[in-house]
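These notes are about the structure you will find just below.
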Amino acid sequence: GAVVSQHPSRVICKSGTSVKIECRSLDFQATTMFWYRQFPKKSLMLMATSNEGSKATYEQGVEKDKFLINHASLTLSTLTVTSAHPEDSSFYICSALQGALGGTQYFGPGTRLTVL
Amino acid sequence: AQKITQTQPGMFVQEKEAVTLDCTYDTSDQSYGLFWYKQPSSGEMIFLIYQGSYDEQNATEGRYSLNFQKARKSANLVISASQLGDSAMYFCAMREGRANSKLTFGKGITLSVRP
């Protein structure tokens, strides 16, 4: 149980375009999802907390207008990178919070974004 | 001060032997949770084990056990009978307060299992 999917797994786009990444909890409902960014051989950096039916909470230094988060249902959160630039190239990974086990986050497989 | 500290450099272990990955944490909360995740080269973060601050027994999950020493604020992961597939990056993480609070991750430790 506790499977989280993420789509797409890999995306290449041109500078200035927008990219949407989907995160789905497949076998449980998640009122809270999280979006992270990870640079090579580094730890995860939390970008924002996504709560179903309300606005996302962004971490300090993360531009909310650039990284749009929507959590429209209990199983789906989306991250849209708007007007992407090469510096936005990174590994983006989402997690969904399951209430059991003291609130364990289960992660999706991640999305590798490359902006040309 | 860092909330989660993982200071070991890359770790090496012989196949079938046990290995301990260190993690210390810093919090003033009474209620918190400690997690270990494995990240193989594919990038997916795989949940391994959880320890609650009020749990008196050390958590175990198959070949994984968590050596929880509350007074020392350490939560070391022990992997028994290492397998080649255990080669990966391992992250220790802490959740403070409510169950839906965010996680704070350590820098991670790279484990390589030698045949």
Side-chain angles (χ1 to χ4, degrees), chain A residues 1-6 8-10 21 23 25 28-52 54 56-60 62 71 74 90-113, chain B residues 2-10 23 29-55 57 59-61 64 66 68 75 88-112:
Chain A
V3 179
V4 177
S5 70
Q6 200 171 328
S9 58
R10 196 177 287 268
I21 302 170
C23 178
S25 56
F28 66 101
Q29 292 184 330
T31 55
T32 304
M33 291 184 174
F34 300 87
W35 287 96
Y36 296 84
R37 183 173 179 175
Q38 186 179 30
F39 292 102
K41 300 198 183 298
K42 297 292 185 184
S43 188
L44 278 69
M45 182 186 78
L46 179 66
M47 298 174 66
T49 302
S50 169
N51 294 298
E52 187 267 337
S54 64
T57 303
Y58 290 82
E59 294 298 299
Q60 193 172 11
V62 178
H71 194 154
L74 288 172
S90 192
F91 187 64
Y92 293 88
I93 189 165
C94 71
S95 70
L97 183 69
Q98 196 202 48
L101 270 187
T104 297
Q105 291 186 29
Y106 291 90
F107 286 80
T111 297
R112 176 78 54 195
L113 170 64
Chain B
Q2 287 187 3
K3 287 192 174 284
I4 294 287
T5 303
Q6 295 180 264
T7 57
Q8 290 167 306
C23 173
D29 279 6
Q30 296 299 310
S31 176
Y32 54 90
L34 297 157
F35 302 80
W36 277 91
Y37 288 88
K38 170 185 177 182
Q39 188 177 40
S41 56
S42 61
E44 184 173 2
M45 292 284 285
I46 302 168
F47 166 69
L48 296 178
I49 199 165
Y50 163 79
Q51 179 85 41
S53 58
Y54 295 117
D55 295 340
Q57 302 239 348
T60 60
E61 196 67 51
Y64 305 107
L66 199 152
F68 182 44
M89 192 88 162
Y90 288 81
F91 291 95
C92 178
M94 177 173 64
R95 183 261 306 147
E96 296 174 278
R98 298 173 303 171
N100 64 349
S101 300
K102 61 187 180 183
L103 290 178
T104 302
F105 283 87
K107 292 183 177 180
I109 302 168
T110 301
L111 175 67
S112 299

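Chain identifiers are assigned alphabetically (A, B, ...) following the order of the sequence lines, protein sequences preceding nucleic acid strands; residue numbering begins at 1 within each chain.
- We find the CD1-OG distance between B:Ile4 and A:Ser43 to be 10.0 Å, quoted to the nearest 0.5 Å.
- Among B:Asp55, B:Thr104, B:Leu103, the residue with the largest count of heavy-atom pairs under 4.5 Å with chain A is B:Leu103.
- Summarising the geometry, atom CZ belonging to A:Phe107 is positioned 11.0 Å from atom CZ belonging to B:Phe47; distances are rounded to the nearest 0.5 Å.
- Contact record, A:Glu59 with B:Lys102: OE1-NZ, 2.8 Å, taken as the closest heavy-atom pair.
- To the nearest 0.5 Å, atom CD of residue B:Gln39 and atom CD1 of residue A:Ile93 are 6.0 Å apart.
- Heavy-atom pairs under 4.5 Å with chain A peak, among B:Met89, B:Met45, B:Glu44, at B:Met45.
- Residue A:Thr104 holds its OG1 atom at 11.0 Å from CG of B:Leu48, rounded to the nearest 0.5 Å.
- Contacts of B:Phe105 with chain A are made by both backbone and side-chain atoms, with heavy-atom separations under 4.5 Å.
- Of the listed residues (A:Lys42, A:Gln6, A:Gln38), the greatest number of heavy-atom pairs within a distance under 4.5 Å of chain B belongs to A:Gln38.
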